[in-house]
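The shown structure was predicted, so the numbers you read here are calculated from the model rather than taken from an experiment. Just so we're on the same page: letters track the sequence lines, and every chain starts at 1.
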Amino acid sequence: MPVVCSCTNIFSHYPKQMIHSVNLLMSMYLNELNEPQKQAVTHIDGPMMIIAGAGSGKTKVITTRIAHLMASGVDAFQILALTFTNKAAAEMKERIEKILGGTDARNLYIGTFHSVFARILRAEAPRLGYPSSFTIYDADDAKSVLKTIVKEMNLDDKHYKPNIVLNRISLAKNALVGPDEYLTDAILQQDDAKSQRPEIGNIYKAYAQRCFKNGAMDFDDLLFKMYELLTGFPDALAKYQRKFRYIMIDEYQDTNTAQYEIIKLLGAMHENLCVVGDDAQSIYSFRGATIENILQFQRDYEDVKVVKLEQNYRSTQTILNVANQVIDNNRDQIKKKLFTDNHEGEKIRLIRSMTDNDEGRVVADMIQELKLRNHHFNKDFAILYRTNAQSRSFEESLRRMGIAYRIYGGMSFYQRKEIKDFIAYLRIIVNPADEEALKRIINYPVRGIGKTTIDKLVLLANETERSSWEILCNAAYHGFRGNTLQCIDEFVTMVKMFQSELTKKNAYDLAVIVGKSTGIVKELFNDKTTEGLARYENVQELLNSIKEFIETPMNEEDGEVGDKSLSTYLQQIVLLTDTDNDDQHEADTVKLMTIHAAKGLEFPVVFIGGLEETLFPSNMSINSREDLEEERRLFYVAITRAKTRLFITFANSRYRFGQLQQNEPSRFLEEIDDVYLDKSFAGSTSRNNNGWMQSSAHDRMRRGFGSMSNAPATPKKTYTTPLAKPQTKEHVPSENFEASNTADLKEGQTVEHMKFGFGTITRLEGAAHNPIATIIFQQNGEKKIMLNYAKLRIVENQ
DNA sequence: GATTATATGGTTTTT
DNA sequence: CCATATAATC
């Protein structure tokens with residue numbers, strides 16, 4: 001090999017004969033950068049802050065900089081890069097690998113705050129009194145613990161709702177306030193007293209104790225305990241300071257106090273800290289993030305190099321102008337001048353519709369049209385919205401049009417009941433103290449350990465300061481008798497068997513044994529309902545995912561605790577989100593997601609839905625300047641996702657909690673100059689008015705049949721038009737359609753169903769309170785109709 | 001003790 | 001509208 005140093009592989013994709021010297025080599029990838037980008041990449045030692053505007057090539061800069069560090073002789077093992085999502089981490093890894101062409105990138109420590117800290121905490125757990133196989137509680141587990149604590153403390157669960165309490169505790173942890181400090185902090189106590197919830201501090205304390213007893217940490221603990229580790233154990237601090245010589249932080253504007261302090265500690269020895277962020281895109285203050293961190297960064301270190309990336313390579317002039325104009329209404333911001341060399345592009349289209357369903361239909365129509373006229377693919381489109389609940393109307397119309405789509409976020413695969421139940425078994429095997437897992441499975445599948453027994457168990461556990469599991473193991477001693485005792489013993493024997501297999505079998509084989517021995521798989525298999533089938537498939541999918549985990553070659557960056565153990569698997573999946581499964585990411589589907597989930601992504605064509613008061617901005621956020629400005633930043637993020645075309649839509653009214661609610665157009669719309677807008681679809685008295693009225697009348701009728709259309713969605717699957725080939729031929733109800741009294745129905749009658757059309761009743765059955773009619777429809781064949789829900793019109797008596 | 005009917009209340013946003 | 005918590009019934 002003719003070339004100079006160990007850094008050859010970086011340039012392996014360049015023709016060899018071009019390679020003459022290191023300087024020339026470096027200039028090759030540096031040449032692809034603009035001036036400020038180059039400055040950011042080539043700065044090696046000392047603190048640096050990169051203010052990276054939307055679409056300014058931030059990821060490119062970070063990845064190139066890491067490659068450059070390695071080219072300059074920095075050991076990959078000494079580089080730590082922290083991101084907010086697994087997806088961002090994965091993308092970075094991939095891009096660095098591409099630049100390096102070799103395997104060196106494997107040794108980098110790249111991951112989310114939570115997953116990197118979880119890994120470290122697992123290695124250091126004993127210092128903190130935790131088992132190294134500690135469980136990570138997700139929000140559901142945490143809320144469940146809180147619920148039991150509130151009950152045990154005899155507090156009113158109407159006042160102490162798990163969501164509210166957890167939020168409060170979460171904010172405290174993110175601000176590095178422990179239970180004792182919480183209880184003695186006058187202001188916090190005052191706040192809680194004011195909101196009629198004076199006991200939150202005590203709940204917090206009990207919650208922390210309970211989690212510890214259960215050998216569990218919640219999401220926030222992964223930060224909080226990491227901080228405790230670094231501050232409480234100087235040798236641990238020194239160890240990681242030495243290890244991470246170079247640290248990079250992505251999305252710095254979204255860091256909270258805990259993250260900020262941890263970074264500060266880790267970076268204190270070498271001060272090779274590089275933070276990247278954009279204050280205009282700070283959208284996580286509800287999670288404790290504070291823009292202050294960006295400002296404070298310059299105060300904390302001397303000689304901070306500051307680089308601003310202001311050239312946008314993503315969007316058209318028009319899109320950028322609109323974004324700039326909107327964000328300009330915010331008072332709190334670092335002034336930037338984003339510019340682009342891109343084309344002016346088309347105007348932004350503003351679309352008004354009557355209802356949320358119309359909004360969905362218009363967007364689907366528009367996508368169809370653009371596909372035909374401009375040769376777009378499905379994957380060129382994204383539909384973004386403020387709340388997950390908004391996805392439905394888009395989903396329905398895309399389905400009806402036969403357009404393939406994929407929803408990100410919402411309930412993820414691992415949050416489904418059947419999956420959580422199965423996983424609970426795996427959790428209890430690894431960590432028998434995990435009360436939440438035990439609670440889920442102690443009587444699933446039903447084995448005769450009912451409420452009475454469980455209540456007694458919990459009482460005993462609290463009295464004796466032991467875990468429920470320990471008590472179960474000595475059930476006879478603790479006074480359980482007869483059939484109950486037998487059931488308990490059988491359960492204990494089974495779980496102990498699993499535990500003994502833990503060291504002998506790999507995670508997949510063990511999971512298969514669990515599925516068999518518990519009877520879960522068989523039970524789901526025997527459930528032939530649609531939902532049961534979906535659940536069965538989901539469990540199979542889970543087993544597949546475990547297998548995949550086992551078979552994936554081990555990454556060195558998994559470091560000292562990296563292994564294929566069950567507990568590593570469990571740790572990995574709680575920290576995974578729906579958005580992270582990027583196996584489908586390249587699939588040709590329209591992408592639907594919240595704006596939060598869309599951060600960092602870009603799409604050729606973007607639709608932003610629901611630009612209405614009370615929704616966007618959310619009515620939770622209109623009472624303070626800070627909150628409103630965050631909503632505006634959110635809008636800014638949404639706008640800047642678009643590369644060439646942007647559509648903004650809003651509806652006059654939408655269904656909320658099953659009721660039609662009227663809304664004003666969002667105040668944000670007034671902040672956009674008309675010269676950038678195409679409002680031909682937004683007029684209030686346009687010719688389309690007629691069409692709207694008709695379609696919303698149609699909507700109103702369809703609403704009556706809500707029960708028919710919600711087939712359970714299978715996770716991780718792309719919806720390629722389940723309704724494209726409709727099983728039901730659409731029927732337009734007659735003018736005079738009026739539901740008849742179902743008590744008058746007789747066999748042999750001809751009836752009209754609003755959806756299925758005309759048919760003849762062949763059979764009437766079912767209990768009086770739940771009568772069921774079998775009807776042969778002319779268009780749609782035989783159906784069983786629940787008369788309590790369906791509306792039927794008697795056409796003629798036989 | 002388990003299965004099923006009824007009531008209630010919930011929508012920001014996420015690791 | 002939907003999901004989950006409680007009450008009612010077998």
>> Is there a side-chain contact between A:Thr452 and A:Thr484 in this structure, where contact means two heavy atoms from C-beta onward sitting under 4.5 Å apart?
In response: no
>> Would you say that A:Glu523 contacts A:Tyr444 through its side chain, given a criterion of any heavy-atom pair below 4.5 Å between the two side chains?
In response: yes
>> Just to verify, what does A:Tyr227 make a ring pair (Phe, Tyr, Trp, His ring centres under 6.0 Å) with, not counting sequence neighbours?
In response: none
Looking at the side chain of [X], which of [options] is the nearest nucleotide?
X: A:Phe286; options: B:dT15, B:dT12, B:dT14; result: B:dT14
X: A:Asn388; options: B:dT12, B:dT15, B:dT14; result: B:dT14
X: A:Thr387; options: B:dT15, B:dT14, B:dT13; result: B:dT13

>> So does A:Ile441 get a backbone contact from the side chain of A:Asp421, meaning a donor-acceptor N/O pair under 3.5 Å?
In response: no
>> With a 3.5 Å distance limit and no angle check, can you tell me whether A:Glu359 reaches the backbone of A:Gly610 through a side-chain donor-acceptor pair?
In response: yes
Measure [atom1]/[X] against [atom2]/[N] and give the value in whole Å, please.
X: A:Phe219; N: B:dT15; atom1: CZ; atom2: C1'; result: 6 Å
X: A:Asn167; N: B:dT11; atom1: CG; atom2: C1'; result: 13 Å
X: A:Lys599; N: B:dT12; atom1: NZ; atom2: P; result: 20 Å
X: A:Phe84; N: B:dT13; atom1: CZ; atom2: C1'; result: 14 Å
X: A:Tyr408; N: B:dT13; atom1: OH; atom2: C1'; result: 19 Å
X: A:Met593; N: B:dT15; atom1: CE; atom2: C1'; result: 17 Å
X: A:Leu457; N: B:dG1; atom1: CG; atom2: C1'; result: 17 Å
X: A:Glu612; N: B:dT12; atom1: CD; atom2: C1'; result: 14 Å

So, is [X] near the phosphate of [N], with a side-chain N or O under 4.0 Å from OP1 or OP2?
X: A:Thr594; N: B:dT14; answer: yes
X: A:Ser115; N: B:dT15; answer: no
X: A:Thr453; N: B:dG1; answer: yes

> Which residues, if any, of residues 438-450 of chain A bring a heavy atom under 4.0 Å of DNA chain B?
Replying inline: A:Asn443, A:Gly448, A:Gly450
>> Distance check, C1' atoms only: C:dT4 and B:dT13, in whole angstrom units.
In response: 22 Å
Any N/O pairs under 3.5 Å between the protein and nucleotides 7-10 of chain B? List them or say none.
from, atom 1, to, atom 2, distance (Å)
B:dG10, OP1, A:Lys161, NZ, 3.1

> Quick one: which of A:Ile136, A:Asp141, A:Leu438 gives a side-chain contact (heavy atoms from CB on, under 4.5 Å) with A:Arg427?
Replying inline: A:Asp141
>> If you assign A:Arg386 and A:Val574 each to the DNA chain B nucleotide with the nearest heavy atom, which residue ends up on the more 5' nucleotide?
In response: A:Arg386
> Would A:Thr355 and A:Asp358 count as having a side-chain donor-acceptor pair, cut-off 3.5 Å?
Replying inline: yes
> Quick one: side chain to side chain donor-acceptor pair (under 3.5 Å) partners of A:Lys143, sequence neighbours excluded?
Replying inline: A:Asn163
> Sequence neighbours excluded, which residues qualify as side chain to side chain donor-acceptor pair (under 3.5 Å) partners of A:Thr255?
Replying inline: A:Asn293
> Should we say atom CD of A:Glu664 is surrounded by more than 12 heavy atoms from elsewhere, each under 6.0 Å from it?
Replying inline: no
> How far apart are the closest heavy atoms of A:Lys161 and A:Asp157, and which atoms are they?
Replying inline: CG-O, 3.7 Å
Please tabulate the protein-to-nucleotide N/O contacts below 3.5 Å involving nucleotides 4-8 of chain C, giving atom names and distances.
from, atom 1, to, atom 2, distance (Å)
C:dA5, OP1, A:Lys147, NZ, 3.0

> For the residue pair A:His114 and A:Phe219, does the interplanar ring angle fall in the parallel (under 30°), tilted (30 to 60°) or perpendicular (over 60°) class?
Replying inline: perpendicular
>> Within the 4.0 Å heavy-atom criterion, would you say A:Tyr284 contacts the bases, only the backbone, or no part of the nucleic acid?
In response: sugar-phosphate
